[in-house]
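First the structure, in the form of structure tokens, and then the observations on it.
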Amino acid sequence: MAQVKTMIDQDGQFYNHKKIDGKWQKNWIKDEIYKAVTGSKKEKMYVLSMFPYPSGAGLHVGHPRGYIAADVYARLKRMQGYNVLHPMGYDAFGLPAEQYAIQNHVHPREAVLKNIKTYEKQLEIIGLSYDWSRKINTTDEDYYKWTQWIFLKLYNHYYDHKAGKAKPISELEGQFSHLSQADKDRELMKYRLAYEGFSEVNWCEDLGTVLANDEVIEGKSERGGYPVVKRMMRQWFLRITDYADRLISGLDTVDFDESLKTVQKNWIGKSFGHELSFKLQGEIGEVETIKIFTTRIDTLSGVTFLAISKDHDLITKNVDKFSKIIIQTKSWGTDEKDLKIKRGIILDDIYAVHPDNKSKLPIYVTNYVLSDYGFGAVMGVPDQDERDADFASVYNVPTKETKLEKPESIEKRLGLKKVFKYKIRDAVFARQRYWGEPIPLKHDKDGHITPLSEKELPLKLPKVSSYEPIGSGESPLAGIKSWVKAGYETNTMPGWAGSSWYFLRYMDAHNKTAPVGKKAIDYWKQVDMYIGGREHTTGHLLYSRFWHKFLYDIGLTVTEEPFKALRNQGMILGDDNQKMSKRWGNVVNPDDCINTYGADAFRMYEMFLGPFDSSLPWSTDGIIGTRRFIDRVWRLASVVKIQNEKNKKIQTSEKLVSEINKTIKKVTEDIDGFAFNTAVSSLMILLNNFEDMIQKKENIDQKDFIDFVKLLTPFAPHISDEIWTIFKNKKSINVAPWPKYDESKIVEGTVKIGIQINGKLRGDIEVSADKTENEIIDEAKTIVKNHLEGKVIKKIIYIKGKIVSFVV
RNA sequence: GGGCAAGUGGCGGAAUUGGUAUACGCGCUAGUCUUAGGAACUAGUUCUUCACGGAUUGAGGGUUCGAGUCCCUCCUUGCCCACCA
């Protein structure tokens, strides 16, 4: 190694990342080498990182991990000759910007633009290969125009379950032509994929606003600790439940993590069972039966009671009769702790009849039956169901031994239907807030709703004097006279609206006549590789899949699924193994790391830390390792350069050529498989091999060295380009062809294999490729002859290239 | 309570999927060069033992010539969902 050092000293040069990083970042933009070309003859490859919500806090070292991985992948694909689309943008509607606006009395847009600026500066110095010409921002009018457009399409379509796809609502209008306008509106609303309805919200009287679930802690507002109650509120919903089956079946066609698929399937929660009506007897009113859903119809003989929720029709349609019960149930808490205690009230003078044995079954109003699943009623089988048993023991309901029966015979006897039920609920698509897309609908005085025409889009957010929700719990839009007078909807869209289709917009970011043009969607089709956090599994990812399927139905997209493959990154934790947060004071800023060690060392370290999908603690100490690596590559480059200038004919040793070919294979496969940490480590091993050769005064052909630099390029694009030019190459190494390996050169002359006796390692042996099995075994015997003395060999196992094992 | 992961040196982790455990990096120890070094380089570094040797992948058991890897029981940690009938 002494030789290496001397040469460096003569040059007096160390790698100066501060100069070189910025130089190449500028060059790349100037030469537009990362620009994706729609319609190119090259094969397309759409690599996407989940776009960020630009918060005021900026990036910490955990955020870029996914971006860097996506970038490494995109750079590999580009070098492999693909036409790569790798864009970036911002998801900027939502609560934090609005809070900031309220506190600082500025327009939320100002906060958003300020934060985006910070983000962009931080992203820039990492050296990511984005095509910035396609940048989007969900709060731009040119963008949210199309979010509103999609909403209108949802409003104007229904789901035809026979055809298995969405169809125009106009097809249904004929059915209701005999009705009055108001009745017709009401009927159609039951079919629209975007529909108006009511749902319970967390209402805080003192704050005069609706709160999200995570803003409520133990029945009190997080801010101020004021009481929070449930209240019904007018909302908009999207009928995602109509797509439940396709959202499940589509999972079979995509390359996602199996555990993630399971989470989505469980979230959708499809279960198979039966519906059954129990006749009521006694002092019954309007309601004559209680309908239940069960997945265990085979346990019917064990039913000893019925349990219904406090919102069941039987109660709500007999308010006078059950007024006492209604008052009592109101005091039942809804917190986790309250729900652990089973509560119930028996209905007097009224009971259900068992369909088989005609026994009288008591009916209880309980807190453990959900009102919005099944029919808000269950048959109680204490003998079989733990929860029913739990309840029965508290209220002394008798238990009956269950004789399990074949579902088919019960179906036949009672004439039951098989049905499917889903856990997933229709998605609430309205927020009583200012900073979101206005919902493009008009309410007439008589209650009739008129959707805006496409020409009227975008419906722009009006200026308001205050961003606080108004005291009625409605959004600030309800406080604007002209807005209300015009009849515009005062709810805005939720934060996930803009993010449910943004990946389509990148394909054709400046299209004025459609969300995405025909030519662009036909070429790009779908995202080939999507990278982001696992926390979006049941939110963004499910909603995007839903929207995409709808857009497919109406002919806008050309694939059923938006994302062909998905990879999740693990979280970067603080060095105290806790989530990085200001609260714990363990936040590490990428800017400082990059400033000290350079973008390449930072990028490599992020990838080297550990497996991409596992959560790992950050330790800035370790980054010195990848920085040393960068320095050593730099020194090696100057040595190789001098060697090649001195000698015209240079041949790299066979052993090193073999190592290079091995590494080409390994790095290519590892990046494809998102095993970045082992890819980096194999680059380090190869560098060690190069240095060994230098130490042995062996020469290295610069062509072979450049192959190594190419392997390095996806991880460390700056130094790679700098070395590339030092060796008098033109353009950028980032668009140079990826090296290919030669399988025949990987095979080494000799292999060391282990010798085992009864499974214990007792020695090893150097074997050349031309030796036969018998020769190897005989040689092995002599090596371990001490261990074999006086023993009879019962069996010999030989695994080529791995092991010789003697059983004695 | 349910589901899903995962337990390997002082630390982050690797192991061709049943075949030489601890690659690579950090840290640490010693040395070289240096006015100096918290720089760079060289050598060493799982534990135990002066050594020969022995032990070792959360614990215990099993299958196998051979187990970090497969099976069973238990323990621990992390994440997600939580009364979905």
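Residue numbering restarts at 1 for every chain, and letters A, B, ... go by the order of the sequence lines.
For the atom pair OH of Tyr597(A) and OG1 of Thr620(A), the computed distance is 7.5 Å after rounding to the nearest 0.5 Å.
Within 4.0 Å (heavy atoms only), Ile624(A) reaches sugar-phosphate atoms of the nucleic acid but no base atom. Residue contacts for Val381(A): at a heavy-atom cut-off of 4.0 Å it reaches no nucleic acid atom on any strand shown. Using a 4.0 Å heavy-atom cutoff across all strands shown, Ser271(A) reaches sugar-phosphate atoms only and no base atom.
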Distances for protein N or O near nucleotides 62-67 of chain B N or O, under 3.5 Å:
{"residue": "rC65(B)", "atom": "O2", "partner": "Ser805(A)", "partner atom": "OG", "Å": "3.0"}

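Residue Ile630(A) contributes atom CD1, which lies 14 Å from atom P of rA40(B) at whole-angstrom precision. Regarding Asp631(A), its CG atom lies at a distance of 14 Å from the P atom of rG25(B), rounded to whole Å. Separating the CZ atom of Arg425(A) from the C1' atom of rA82(B) is a distance of 13 Å, rounded to the nearest angstrom. The distance between atom CZ of Arg632(A) and atom C1' of rC26(B), rounded to the nearest whole Å, is 13 Å.
The phosphate of rG25(B) (OP1 or OP2) has a side-chain N or O of Asn688(A) nearer than 4.0 angstrom. The phosphate of rC79(B) has neither OP1 nor OP2 within less than 4.0 Å of any side-chain N or O from Arg534(A). OP1 or OP2 of rA85(B) lies within a sub-4.0 Å distance of a side-chain N or O belonging to Tyr373(A).
Across the C1' atoms, rU46(B) and rU34(B) are found 35 Å apart, a figure rounded to whole Å. The same atom, C1', is picked in rU17(B) and in rU32(B); the two are 44 Å apart, to the nearest Å. Across rU20(B) and rG3(B), the matching C1' atoms stand 39 Å from one another, rounded to whole Å. For the C1' atoms, the distance linking rA51(B) with rC41(B) amounts to 33 Å, nearest Å. Distance noted for atom C1' between rG7(B) and rG53(B): 30 Å (whole Å). Nucleotides rG19(B) and rA67(B) have their C1' atoms positioned 10 Å apart, rounded to a whole Å. Separation of the P atoms belonging to rU22(B) and rG44(B) is 15 Å when rounded to the nearest angstrom. Comparing the P positions of rG60(B) and rG9(B) gives an interatomic distance of 15 Å, to the nearest angstrom.
Applying the Watson-Crick and G-U wobble criteria (two distances, each under 3.5 Å), rU63(B) pairs with nothing in any strand. The partner of rG3(B), taking Watson-Crick or G-U wobble pairs whose two distances both stay under 3.5 Å, is rC79(B). Across every strand in view, rA23(B) sits unpaired, with no contact that passes the Watson-Crick or G-U test at under 3.5 angstrom.
Among the nucleotides rC81(B), rA40(B), rA15(B), the one closest to the side chain of Thr678(A) is rA15(B). Distances from the side chain of Met684(A) to the nucleotides rG3(B), rC24(B), rC26(B) place rC24(B) closest. Considering only side-chain atoms of Ile803(A), the nucleotide from rG19(B), rA85(B), rC24(B) that sits closest is rG19(B).
For Phe806(A), there are no ring-ring contact (aromatic ring centres under 6.0 Å, His included) partners, not counting sequence neighbours.
Under a 4.0 Å N-O distance rule, the pair Lys696(A)/Asp692(A) does not qualify as a salt bridge. Taking 4.0 Å as the cut-off between side-chain N and carboxylate O, Asp257(A) and Arg567(A) do not count as a salt-bridged pair. Salt bridge Glu258(A)/Lys261(A): present, at least one basic N to carboxylate O contact under 4.0 Å. The existence of a salt bridge linking Glu659(A) and Lys666(A) is excluded, since no basic side-chain nitrogen approaches an acidic carboxylate oxygen closer than 4.0 Å.
With hydrogens and angles ignored, the 3.5 Å screen pairs no side-chain donor or acceptor of Ser277(A) with any backbone N or O of Ile290(A).
Aromatic rings from Trp332(A) and Tyr368(A) are positioned such that their centres are separated by 6.0 Å or more. Ring pair Phe391(A)/Tyr364(A): centre-to-centre distance below 6.0 Å.
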- Message: Treating primed atoms plus P, OP1 and OP2 as sugar-phosphate and everything else as base, which nucleotides of nucleotides 5-13 of chain B get B, S or - for protein heavy atoms under 4.0 Å?
- Response: -------BS
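Side-chain contact between Trp618(A) and Asn586(A) is absent, with no heavy-atom pair separated by less than 4.5 Å.
Of the two residues contacting RNA chain B, namely Ser682(A) and Lys579(A), the nearest-nucleotide position lying further toward the 5' end is that of Ser682(A). Summary of the strand contacts: Ser371(A) and Asp764(A) both lie near RNA chain B, and taking for each the nucleotide with the nearest heavy atom, the more 5' one is attributed to Asp764(A).
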